[in-house]
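Have a look at the structure below before the remarks.
Computed from a predicted structure; not experimentally measured.
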Amino acid sequence: MDSSSDTSQGVEFFQGTLDSTDEIESARVFDTTLRDGEQSPRTSFSYEDKREIAAVLDEMGTHVIEAGFPVNSDAEFEAVRDIAENTSTTTCGLARVVDKDIEAAIDSGVEMVHVFSSTSDVQIEDSMHATREEVVERSVAAVERVKDAGLTCMYSPMDATRTDEGYLIEVIEEVSDAGTDWINIPDTCGVATPRRFYDLISTVVSHTDANVDVHTHDDFGLATANALSGIEAGARQAQVSVNSIGERAGNAAYEEFVMAIESVYQVDTGIDTSRITELSRLVEEKSGIDVPGNKPVVGENAFSHESGIHAAGVIENSDTFEPGVMTPDMVGAHRELVLGKHTGNHSVRERLEEAGFAPSDDEVRAVTREVKDRGAEKERVTLAMLKEFAREQGIKRTEEVRA
């Protein structure tokens with residue numbers, strides 16, 4: 001097998017129909033696993049869970065960690081404060097445009113306060129029970145309070161993608177004049193599409209001197225695509241969550257966003273991608289939300305091959321049926337040739353030889369037939385079973401052949 005692609009470093013993008021890799025120059029990662037991720041239905045992180053996840057995010061070089069909603073409870077406040085004290089990266093606390101929320105966030109010791117207010121009419125009227133004018137007033141006051149405390153301020157017009165565009169721009173310009181450092185544009189209900197979101201972010205960028213950030217939800221499976229589209233349109237940072245966890249169908253995935261930026265866009269995020277699989281497994285354990293086998297980047301099948309044609313190609317050169325620009329080593333994973341109904345002779349020979357056998361062509365074909373038959377019965381063919389098949393066929397061990 002070609003080992004040239006087995007590297008934990010970036011690999012140059014293939015030249016082909018998709019050979020343009022200059023759409024963006026940089027991208028920052030704002031992790032909201034501990035805040036929006038924890039809002040996944042039936043999910044809760046303990047104090048120790050939050051500390052453990054935050055430590056790994058910090059060690060990996062994540063640019064911002066949104067540690068939680070400090071006003072929510074005493075335990076939440078203490079967890080946020082602990083993370084702020086014990087991480088070297090920027091720690092962020094969430095707050096509504098309400099005095100007690102903002103004071104709790106400030107008192108928690110975070111470097112960034114993320115204030116938000118609804119801006120869509122349906123949420124202003126039926127959730128906040130306020131008016132458009134009151135939203136602007138409260139938003140400006142919230143930004144000014146955070147800036148007076150000497151902290152970095154991020155402002156979110158919640159439900160931006162369902163907000164009247166003229167009013168959205170009014171709010172953005174007002175909080176920009178008030179001194180916010182960041183404008184986050186949330187697709188709160190996951191209704192954006194990549195092209196529409198690109199146009200929206202381009203418009204926002206043209207109406208503010210603040211840095212622009214995006215927060216996308218996955219109701220239609222478009223969250224990561226929308227986040228990337230936002231970066232292409234001029235946003236500097238995306239809010240993501242490990243394993244996509246979050247409200248309803250979740251958020252843009254940390255692992256998908258980071259690896260797309262690193263591998264497809266060929267931009268160095270500064271994040272240690274070799275720990276992505278480790279991080280995913282940790283969040284899976286602590287959240288109680290299983291990672292699907294077909295989950296991009298971190299799923300059990302992400303670098304697994306069963307089809308005979310694919311496995312044969314990968315044995316010769318992994319670039320044949322993998323992206324090439326993203327290898328298992330880059331994310332701390334391992335490639336696997338899976339045995340089952342679709343397995344071919346090449347894969348069986350490879351696994352037999354790895355197990356110390358020296359099969360003939362006829363013996364490989366015989367074992368392959370057995371593997372396919374078992375796989376067709378939906379039986380999982382393990383390495384132990386493969387060795388048993390080899391013994392039944394009388395296949396000699398490698399050392400016997402050499403002797």
Side-chain angles (χ1 to χ4, degrees), residues 1-9 11 14 16 243 255-256 259 263 273-274 276-278 280-281 284-285 290-403:
M1 187 183 299
D2 177 18
S3 61
S4 63
S5 62
D6 289 335
T7 172
S8 60
Q9 303 301 313
V11 181
F14 275 44
N243 298 341
E255 59 280 359
E256 295 172 20
M259 292 314 298
S263 296
T273 66
S274 70
I276 279 179
T277 299
E278 172 195 346
S280 170
R281 299 294 179 264
E284 179 181 35
E285 175 194 346
D290 294 337
V291 173
N294 64 337
K295 182 77 168 67
V297 185
V298 294
E300 186 180 18
N301 293 343
F303 298 99
S304 296
H305 306 271
E306 180 180 326
S307 165
I309 294 173
H310 284 232
V314 167
I315 288 169
E316 290 295 322
N317 182 343
S318 60
D319 290 350
T320 53
F321 289 103
E322 287 181 5
V325 290
M326 179 176 68
T327 68
D329 285 352
M330 288 171 67
V331 298
H334 301 283
R335 182 176 294 110
E336 183 180 5
L337 299 179
V338 178
L339 299 173
K341 176 182 177 181
H342 307 289
T343 297
N345 292 328
H346 286 82
S347 184
V348 169
R349 179 182 292 279
E350 178 91 354
R351 296 299 295 275
L352 285 171
E353 291 176 350
E354 288 176 355
F357 292 94
S360 67
D361 290 347
D362 287 344
E363 288 168 338
V364 167
R365 284 191 287 269
V367 172
T368 301
R369 283 194 297 272
E370 186 68 30
V371 169
K372 285 178 174 289
D373 289 345
R374 295 295 184 95
E377 296 298 323
K378 297 187 178 181
E379 191 170 351
R380 183 170 180 265
V381 181
T382 65
L383 181 58
M385 292 172 67
L386 186 72
K387 290 178 179 179
E388 182 60 30
F389 299 157
R391 285 189 285 269
E392 290 172 356
Q393 293 294 326
I395 301 176
K396 292 183 178 180
R397 306 285 302 187
T398 304
E399 56 267 23
E400 293 179 270
V401 174
R402 287 174 180 165

### Query
With sequence neighbours excluded, what pairs up with A366 under the side-chain contact (heavy atoms from CB on, under 4.5 Å) test?
R369, Q393
### Summary
One should read off an interatomic distance between T398 OG1 and L352 CG, to the nearest 0.5 angstrom, of 9.5 Å
### Residues which pass side-chain contact (heavy atoms from CB on, under 4.5 Å) with P296, listed by chain and number, not counting sequence neighbours
E256
### Straight-line distance of N345 CG to K372 NZ, nearest 0.5 Å
8.0 Å
### Summary
R391 meets the salt bridge (charged side-chain N to carboxylate O under 4.0 Å, His left out) criterion, sequence neighbours left out, with E388
## Note on the structure
The salt bridge (charged side-chain N to carboxylate O under 4.0 Å, His left out) partners of E392 (sequence neighbours excluded) come to none
### Message
If I take atom CD1 from residue I395 and atom CZ from residue F389, how far apart are they, to the nearest 0.5 angstrom?
### Response
11.0 Å
#### Entry: For the student: nearest non-hydrogen atoms of G299 and V291, plus distance
CA-CG1, 4.1 Å
### Task
Check for a donor-acceptor pair, side chain of E255 on one end and backbone N or O of I276 on the other, with a separation under 3.5 Å.
no
### Query
Closest heavy-atom contact between E353 and P359?
CG-CD, 4.2 Å
### Query
Atom CZ in R349, atom CG in D361: separation rounded to 0.5 Å?
5.0 Å
### Query
Is a side-chain donor or acceptor of T273 paired with a backbone partner of M330 at a separation under 3.5 angstrom?
yes
#### Entry: Listed partners of R365 passing salt bridge (charged side-chain N to carboxylate O under 4.0 Å, His left out), at least two apart
D362
### Closest approach of K387 to A355 (non-hydrogen atoms, all atoms of both residues)
CE-CB, 4.0 Å
### Task
For E285, check salt bridge (charged side-chain N to carboxylate O under 4.0 Å, His left out) against everything at least two apart and list the hits.
none
### Task
Search all heavy atoms of F303 against all heavy atoms of V331 and return the closest pair with its distance.
CE1-CG2, 3.8 Å
#### Entry: From CZ (R397) to CZ (F357), nearest 0.5 Å
4.0 Å
### Side chain to side chain, V298 and N243, heavy atoms closer than 4.5 Å
yes
### Message
Could you measure the distance from the NE2 atom of H346 to the CD atom of E350? Nearest 0.5 Å is fine.
### Response
10.0 Å
#### Entry: Which atom of S263 lies closest to which atom of M326, heavy atoms considered
OG-CB, 3.8 Å
